[in-house]
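The structure appears below as structure tokens.
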Protein chains: 2
Amino acid sequence: MTEPRWLDEGERAAWIAFLTATNLVNRKLEQQLKDDAGLSHTQYEVLVQLNAAADGALRMTELADRLVTSKSGLTYQITQLERAGLVSRRSCPSDVRGVFAEITERGREVLRFAAPGHVEAVRNALIDVLTPEQLTHLAEGLGEVTRRLRTEQRCGAQTATQGGTATQAASGAGAGRP
Amino acid sequence: MTEPRWLDEGERAAWIAFLTATNLVNRKLEQQLKDDAGLSHTQYEVLVQLNAAADGALRMTELADRLVTSKSGLTYQITQLERAGLVSRRSCPSDVRGVFAEITERGREVLRFAAPGHVEAVRNALIDVLTPEQLTHLAEGLGEVTRRLRTEQRCGAQTATQGGTATQAASGAGAGRP
DNA sequence: GTCGCTTGGTTCAAATTGGAACGAAGCCAG
DNA sequence: CTGGCTTCGTTCCAATTTGAACCAAGCGAC
């Protein structure tokens, strides 16, 4: 690697847009959720995932994976949510080590309460800002990025080359009807 | 607002892709920079901005604004960087209250050292994953999002409607040649 | 001039985060 | 079955991050 392939004008523009836009959007949502529902975005996403799950419950690791967060971080958040009565822990029958995080009725209520404002915010910050085509393009591009990083993630750390074929896409919503 | 406008299939897909992709990318970069250069992404961006600035210096507020971070957060990071000798504080001649953060020679060296690996990572995580068209679309879409949120930000909190016309776009790079 | 309001940065406390270390369990080959 | 390796969550600790409170200094109107 003599001289790295620096970003050209367009690439740089894309990268800058990515950085600032994501920061701004996250900031916006964080604020909205905190103000209107007293939840952090992470907590909201936990509720969304659990609410959408089969029995309103998911294993800790699975959940951490979906949220793209660390295991310890999740442990912390689940504890908080449990303390608030929105989620409860349940042990796994088939695996003593396992722990299920399960959304409570109160958790579902809070989610139902918070959802409208959140969707509204998501629309204002991202969805409604773009034309349908732009949105499609965005979904395709970022979807591809996700797939790429996910496979790379699963296939252990091979020296920075690319992974293989596709993986399944995302699952639960995020701003969908609760 | 009777029933909120929930996201349809495509919108949901876009939103999910946005959430996961951004998390994954950030995670990736954070890790790479920490491992290879001992810098957090925030710190790296500080150096980038200062390095690209006119005199290698920027006012605290201006910098916080560009990084889309809180003032207190920046104060913290600048203190860290100063401690590490990569940045130094300089008072502003025209405004006693003002403080300039200025990149040091050592700061520039560290940046030069870290840049190649960072660009490489940015390419692997985002740029090279997409086709040129996808990249263009992405830049346009997210650029629009940025503009929107920036203006909304500047024009005080008017009840969630949209802002006016365009603002100037971003400035310093992020993964450009240092 | 000087009162009142906005700005620029820092300080402070509280909430999160992530990685490393751990203990308890699964799991598989020999 | 038993040693050796992986997996599951939690605990612990250090690093960040953010908003609120604060002090000092500009700034404009009176």
Side-chain angles (χ1 to χ4, degrees), chain A residues 22-24 26-35 38-46 57-84 87-102 153-154 156-157, chain B residues 22-24 26-35 38-46 57-84 87-102 153-154 156-157:
Chain A
T22 58
N23 275 334
L24 286 169
N26 286 332
R27 212 170 184 58
K28 193 84 183 170
L29 291 184
E30 200 69 54
Q31 188 191 340
Q32 183 274 323
L33 278 172
K34 189 68 79 184
D35 289 350
L39 293 173
S40 68
H41 192 194
T42 315
Q43 296 174 329
Y44 181 85
E45 286 303 322
V46 167
L58 284 173
R59 289 284 292 270
M60 295 296 280
T61 299
E62 167 68 9
L63 188 49
D65 220 52
R66 295 197 191 183
L67 301 183
V68 190
T69 188
S70 65
K71 288 191 300 174
S72 52
L74 180 62
T75 293
Y76 174 77
Q77 282 304 156
I78 291 297
T79 304
Q80 294 309 100
L81 287 170
E82 196 171 27
R83 193 166 294 169
V87 155
S88 67
R89 273 183 240 245
R90 177 154 58 77
S91 58
C92 174
S94 64
D95 186 339
V96 190
R97 302 166 304 172
V99 171
F100 274 109
E102 178 177 29
Q153 188 179 44
R154 297 198 215 296
Chain B
T22 58
N23 275 334
L24 286 169
N26 286 333
R27 211 171 184 57
K28 193 84 183 169
L29 292 185
E30 200 69 54
Q31 188 192 340
Q32 182 274 323
L33 278 172
K34 190 68 79 183
D35 290 349
L39 293 173
S40 68
H41 192 196
T42 315
Q43 296 175 330
Y44 182 85
E45 287 303 322
V46 167
L58 284 173
R59 289 284 294 269
M60 295 295 280
T61 299
E62 167 67 9
L63 189 48
D65 219 51
R66 295 198 191 183
L67 301 183
V68 190
T69 189
S70 65
K71 288 191 300 173
S72 52
L74 180 62
T75 294
Y76 174 78
Q77 281 304 156
I78 292 297
T79 304
Q80 294 309 99
L81 287 169
E82 195 170 28
R83 194 166 294 170
V87 154
S88 67
R89 271 184 242 245
R90 178 154 58 77
S91 58
C92 173
S94 65
D95 185 338
V96 190
R97 302 167 304 172
V99 171
F100 274 109
E102 179 177 29
Q153 188 179 42
R154 297 196 216 296

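Convention: sequence-line order gives letters A, B, ...; per-chain numbering from 1.
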Starting at the 5' end of DNA chain C, which residue's closest nucleotide do you reach first, S40(A) or T75(B)?
T75(B)
Answer yes or no: does a side-chain N or O of Q80(A) lie under 4.0 Å from OP1 or OP2 of dA15(C)?
no
Check the phosphate of dG9(D) against T61(A), side-chain N and O only, distance under 4.0 Å to OP1 or OP2. Yes or no?
yes
Please step through salt bridge (charged side-chain N to carboxylate O under 4.0 Å, His left out) for the pair E62(B) and R66(B), ending with a clear verdict.
CA-CA 6 Å; E62(B) 167 67 9; R66(B) 295 198 191 183; 2.7 Å; yes
Side-chain donor/acceptor of E45(A) to backbone N/O of T42(A), under 3.5 Å
no
Given DNA chain D, 5'-ward residue of the pair S94(B) and L74(A), judged by closest heavy atom
L74(A)
Does T69(B) have a side-chain nitrogen or oxygen under 4.0 Å from the phosphate oxygens OP1 or OP2 of dT18(D)?
yes
Which nucleotide sits closest to the side chain of Q77(B): dG9(C), dT16(D), dT18(D)?
dT16(D)
If you pin K34(B) and R97(A) to their nearest nucleotides in DNA chain D, which one's is more 5'?
R97(A)
Indicate whether the side chain of T69(A) and that of R27(B) have a donor and an acceptor atom separated by less than 3.5 Å.
no
May I have the distance from R59(B) (atom CZ) to dG26(D) (atom C1'), rounded to whole angstrom?
11 Å
Nearest to the side chain of D95(A) - dG26(D), dT16(C), dG26(C)?
dG26(C)
Under 4.0 Å between a side-chain N or O of R27(A) and OP1 or OP2 of dT18(D)?
yes
What's the closest nucleotide to the side chain of M60(A) if the choices are dG18(C), dT10(D), dC8(D)?
dT10(D)
NZ of K28(B) versus C1' of dG19(C): gap in Å, rounded?
16 Å
Ignoring hydrogens and angles, are the base of dG18(C) and the side chain of S72(A) linked by a donor-acceptor pair under 3.5 Å?
yes
Quick check: does any side chain N or O of Q31(A) sit under 3.5 Å from a backbone N or O of K28(A), one acting as donor and the other as acceptor?
no
Using atom CD of E30(B) as one end and atom C1' of dA15(D) as the other, report the distance to the nearest whole Å.
11 Å
Rounded distance in Å - NZ (K71(B)) to P (dT7(C))
10 Å
Picking from dG18(C), dT10(D), dG9(D), which would you name as closest to the side chain of R89(A)?
dT10(D)
Check the pair R89(B) / E82(B) against salt bridge (charged side-chain N to carboxylate O under 4.0 Å, His left out), numbers first and verdict last.
CA-CA 7 Å; R89(B) 271 184 242 245; E82(B) 195 170 28; 3.1 Å; yes
May I ask you to evaluate whether Y76(A) reaches the phosphate of dT16(C), defined as a side-chain N or O under 4.0 Å from OP1 or OP2?
yes
Contact class for G98(A) vs. all strands (heavy atom < 4.0 Å): base, sugar-phosphate, or nothing?
sugar-phosphate
